[in-house]
**Student:** 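Please find one structure pasted underneath; my questions will follow.
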Amino acid sequence: MEKQNTKEKKKNIYLIGFMGCGKTTVSNYLHKEYNRKQIEMDEEIQKEEGMSISEIFSQKGEAYFRELETKLLRRLGREENFVVSCGGGVPMRETNVKEMKQNGKIVLLLAEPETIYERVKSSHNRPLLEGHMNVEYIAGLMEKRREKYQAAADVCVYTDGREVSEICREILKRTDCENK
Ligand code: S3P
């Protein structure tokens, strides 16, 4: 009788949420403390294109960037045991959400607009905030995205005022990824 492959595929963890919600910090911690392989979508796209996110937006357009995100997610779907730090716009596309759901758990990180502002205010590689770097604009864009973010998420985790270690323990517990 043919031997069956019983090895279970380890789920990916997809971190989603608004720019500055803490995806990179959480991803770094899960990588260091829990041996998860790690990928930052923006970083990978910049490496592959040889351009910054701002340059991709200004020279090739946002639609081109969104296609790159979708293609990268498809490739990541073939991997396992990754923590993927998604760009803030990733959950806005239905096809991206489907792809992530098939291959892992989606974790939405939440933070108040004031906290987000403090974290991103000196950044110049976030073209959607260029020229709108204020709490009101951030709160408005967050509100526009809220429904899709919530619908995509398997788990929502608040980050304001919390230690990254505690946030990561909560994520692993609630995604059923502890010891896996
Ligand atoms: C974007 C978020 C950014 C980056 C791009 C667009 C968005 O990623 O992908 O500037 O649409 O919210 P971070 O969430 O990692 O900042």
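Just follow the structure's listing: the first ligand is 1, and inside any ligand the first atom is 1.
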**Student:** Quiz question: by atom type and distance under 3.5 Å, do the side chains of Ser52 and Gln46 form a donor-acceptor pair?
**Tutor:** no

**Student:** Run the salt bridge (Lys or Arg N to Asp or Glu O under 4.0 Å) test against Glu40 and tell me which residues pass, sequence neighbours left out.
**Tutor:** none

**Student:** Taking only heavy atoms of the protein into account, state which residues are under 4.0 angstrom from an atom of ligand 1, in chain and number order.
**Tutor:** Met19, Lys23, Asp42, Ile53, Phe65, Arg66, Glu69, Gly87, Gly88, Gly89, Arg126, Pro127, Leu128, Arg145

**Student:** Please work out whether the ring planes of Phe65 and Phe57 are parallel, tilted or perpendicular, with thresholds of 30° and 60°.
**Tutor:** tilted

**Student:** Can you tell me if Glu147 has over 12 outside heavy atoms packed within less than 6.0 Å of its CD?
**Tutor:** no

**Student:** Tell me yes or no: between the side chains of Glu79 and Asn12, is some donor less than 3.5 Å from an acceptor?
**Tutor:** no

**Student:** Hydrogens and angles aside, do Glu112 and Tyr158 bring a side-chain donor and acceptor to less than 3.5 Å of each other?
**Tutor:** no

